[in-house]
Amino acid sequence: MLFDRLQEGGPFFMYPLAIIFILVMILIVKGLLSRGRDKKTNELISSITLFAIVWGFLGQIIGLIGAFDAIESYGNVSAEVMAAGLKVAFLPPVFGMFIFLIGRLGLIIITWIRKE
């Protein structure tokens, strides 16, 4: 199912987000193993997750522009076609936000471990 969603959201935006997700998970594990002492890892997690959310929204905007171009060229479009297009347009930002939230949660845990 995840592979279908990656294809559905557009490989140009979804595959980099999947790679970013794996990278964030590796960095979170690295930060947990170093007990939060590596400040560079925390900064990387923060920067990469912010990039993920912006990349997702860029994918949405480009997808919506393409959808509106198609609607303009075809003329009258059914509600089902419009709903399907909107669903596809919302997949990259949702995945980007998911990555952002996972990264932030990882930073919270790393910070909590470091404070003790």
Side-chain angles (χ1 to χ4, degrees):
M1 180 170 164
L2 179 64
F3 185 72
D4 293 336
R5 293 291 182 202
L6 288 175
Q7 290 289 5
E8 200 173 13
F12 184 74
F13 288 98
M14 295 297 283
Y15 287 147
L17 285 173
I19 292 168
I20 289 170
F21 177 70
I22 293 167
L23 179 62
V24 167
M25 294 305 291
I26 290 169
L27 288 172
I28 289 173
V29 169
K30 181 182 176 192
L32 289 172
L33 292 176
S34 70
R35 309 287 265 150
R37 286 180 241 122
D38 188 8
K39 189 173 181 176
K40 185 177 179 180
T41 301
N42 295 353
E43 291 173 2
L44 272 172
I45 293 171
S46 181
S47 297
I48 291 171
T49 56
L50 186 58
F51 177 81
I53 199 167
V54 172
W55 185 255
F57 279 114
L58 178 65
Q60 179 185 28
I61 299 301
I62 290 174
L64 285 174
I65 289 171
F68 291 142
D69 283 344
I71 290 169
E72 182 181 31
S73 67
Y74 288 120
N76 207 1
V77 177
S78 69
E80 292 84 11
V81 171
M82 184 68 148
L86 288 175
K87 180 185 82 168
V88 169
F90 280 108
L91 287 174
V94 166
F95 197 38
M97 284 186 272
F98 175 75
I99 294 168
F100 182 79
L101 290 174
I102 294 296
R104 290 296 160 173
L105 181 63
L107 283 175
I108 290 169
I109 293 169
I110 290 169
T111 303
W112 181 61
I113 288 173
R114 184 178 60 214
K115 296 287 182 183
E116 288 186 357

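The model shown is predicted, which means the values in this text are computed figures rather than measured ones.
Annotation: side chain of Asn42 is not in contact with side chain of Leu27 (no heavy-atom distance under 4.5 Å). Counting heavy atoms from C-beta on, the side chains of Leu107 and Arg104 come closer than 4.5 Å. Side-chain contact between Pro93 and Gln60: present, with at least one pair of heavy atoms (C-beta onward) separated by less than 4.5 Å. Under the 4.5 Å side-chain criterion, counting only non-hydrogen atoms from C-beta, Ile53 is not in contact with Ile99. You'll find the side chain of Ile110 reaches within 4.5 Å of the side chain of Ile45, heavy atoms only.
Within the structure, ring-ring contact (aromatic ring centres under 6.0 Å, His included) pairs that include any residue of residues 23-56 comprise Phe12-Trp55, Phe13-Trp55, Phe51-Trp55 (at least two apart or interchain). Among residue pairs with one or both ends in residues 56-82, none qualify as ring-ring contact (aromatic ring centres under 6.0 Å, His included); sequence neighbours excluded. The salt bridge (charged side-chain N to carboxylate O under 4.0 Å, His left out) contacts involving residues 58-71 comprise nothing, where partners must be two or more places apart or lie in separate chains.
At a threshold of 4.5 Å between side-chain heavy atoms, the hydrophobic network of Ile, Leu, Val, Met, Phe, Trp and Tyr places Leu105 and Leu44 in one connected group. Residues Ile71 and Phe90 share a hydrophobic cluster, clusters being chains of Ile/Leu/Val/Met/Phe/Trp/Tyr side chains in contact below 4.5 Å. Hydrophobic clustering keeps Tyr15 apart from Phe100 (ILVMFWY residues linked when any side-chain heavy atoms are closer than 4.5 Å, directly or through intermediates). Both Ile62 and Met14 are assigned to one and the same hydrophobic cluster, defined by single-linkage of ILVMFWY side chains at heavy-atom distances under 4.5 Å. There is a path of hydrophobic side-chain contacts, each under 4.5 Å, that joins Leu23 to Ile109.
Ile20 and Ala52 get closest at one heavy-atom pair: CG2-CB, 3.9 Å. The minimum heavy-atom distance linking Pro16 with Pro11 is given by the pair CD-O, 3.5 Å. A pairwise comparison of heavy atoms in Ala89 and Leu64 identifies CB-CD2, 3.7 Å as the closest pair. Counting all heavy atoms, side chain and backbone alike, Met25 lies closest to Ile102 at SD-CG2, 3.6 Å.
Atoms CD and CD1, from Glu72 and Ile65 in turn, are 12.0 Å apart once rounded to the nearest 0.5 Å. Here the CD1 atom belonging to Ile28 is positioned 12.0 Å from the CG atom belonging to Leu33, to the nearest 0.5 angstrom.
With hydrogens and angles disregarded, a donor-acceptor distance shorter than 3.5 Å links the side chain of Ser34 to the backbone of Lys30. A side-chain donor-acceptor contact under 3.5 Å links Thr49 to the backbone of Ser46.
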